[in-house]
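Quick notes on the structure that follows.
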Amino acid sequence: MKLQNVVHSQQFDIKTLDELFAMAREMEIIAKNGSNLLTGKIMGTLFYEPSTRTRMSFESAMLKLGGNVISTENAKEFSSATKGETVEDTIRVMEGYVDVIVMRHYREGSAERAAQTTTIPFINAGDGTGQHPTQALLDLYTIQKELGKINGISIAMVGDLAHGRTVRSLAYLLAKYKGIKIYFVAPKSVKMNQDIKLYLKKHKIEFIEEDSLKVVAPKVDVIYQTRIQRERFVEKENLEEYEEAHGKYIIDNSILDIMKSNSIIMHPLPRAGEIRKEVDSDPRAAYFRQAQNGLYLRMALLKALLVG
Ligand code: CP
């Protein structure tokens, strides 16, 4: 399997996903001892928005495979973007220094522009409220590992679905599978956008908008909780709406009590109070295992992009 870029979830087919997940499984063993597979290769990480998991797991993945990393962790402030350099020019320059570029940008569509500019492998690590495809890949890998299947699952996507690039990318990926049922549970101001609903309809994926998490929780195999993204409300100068949405859907012991015994709780993290700490010790709390899977999946992606 040789990939050129990772820009959006729609680019993947089931065969590629199966191969990627099999490779991620192998990476779980390789990660323990390290490897020389990417010795001599350099990954450049350009992050114009904050990140802990995505940047650290990509950098760890590269180092575990024997490669090197150069990085700007706050590219919005510390790269030549402050002097007015375009994404295209930055990418043209970076490709002379590195073998693969991982970029997170605050503007939707920037990943597409970067991928169209570069001749070396490019990875979208999140573009504004657009997509976060590598998160969706690790989410799906987690579902398969935890539940033993993807076809036929029911999932509740909860929280900020309007700004959530992780749920958008995950919905696109789930649309490739059979028998999927999605519940959207979101405050009024951050409901799932029409483009995703139209895509799901077109691909004959059943989805239901539901107001009550208590009604949905006993029915689903996965609760995928997300944070209400305060920073997006700040940009729109609408903190009143944020306050209304924040705190509407909280996962605590009362939700655990009504969930199926073999279901799981996922979250792309970071969380900001929407999953109570009391939930962490329940075996159904899969979000830290999910973050760990990001390392294995991203090791697999780097191999697929740089070696094949
Ligand atoms: N899930 C995720 O993208 O986390 P970070 O913002 O910390 O990278």
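All ligand and atom numbering here is 1-based and tracks the order in the structure. Numbers here are sequence positions counted from 1. Remember, predicted model here, so these are calculated numbers, not experimental data.
- Of all atoms in ligand 1, numbered sequentially from 1 with element shown, those under 4.0 Å from a heavy atom of Thr52 are 5 (P), 7 (O), 8 (O).
- The side chain of His132, and not its backbone, has at least one atom closer than 4.0 Å to an atom of ligand 1 (non-hydrogen atoms only; side chain from C-beta on).
- Of the polar atoms of Leu269, at least one N or O is found under 3.5 Å from an N or O of ligand 1, judged by distance alone.
- The nearest protein atom to atom 4 (O) of ligand 1, hydrogens excluded, is given as Arg53 NE, 3.1 Å; this is a heavy-atom distance.
- Separation of the Tyr172 and Tyr199 ring centroids falls under the 6.0 Å cut-off.
- Side chains of Asp139 and Gln135: a donor-acceptor N/O pair is present below 3.5 angstrom, by distance only.
- Heavy-atom contacts from other residues, nucleotides or ligands closer than 6.0 Å to OH of Tyr97 number 12 or fewer.
- With ring centers used as reference points, His105 lies 6.0 Å or more from Phe47.
- Remark: ligand 1 atoms within the under-4.0 Å shell around heavy atoms of Thr54 are 2 (C), 3 (O), 4 (O), 5 (P), 8 (O).
- Considering Arg55, Arg104, Glu59 as possible partners of Thr45, the one that fulfils the side chain to side chain donor-acceptor pair (under 3.5 Å) test is Glu59.
- Within the 4.0 Å heavy-atom cutoff, Arg104 counts among the residues contacting ligand 1.
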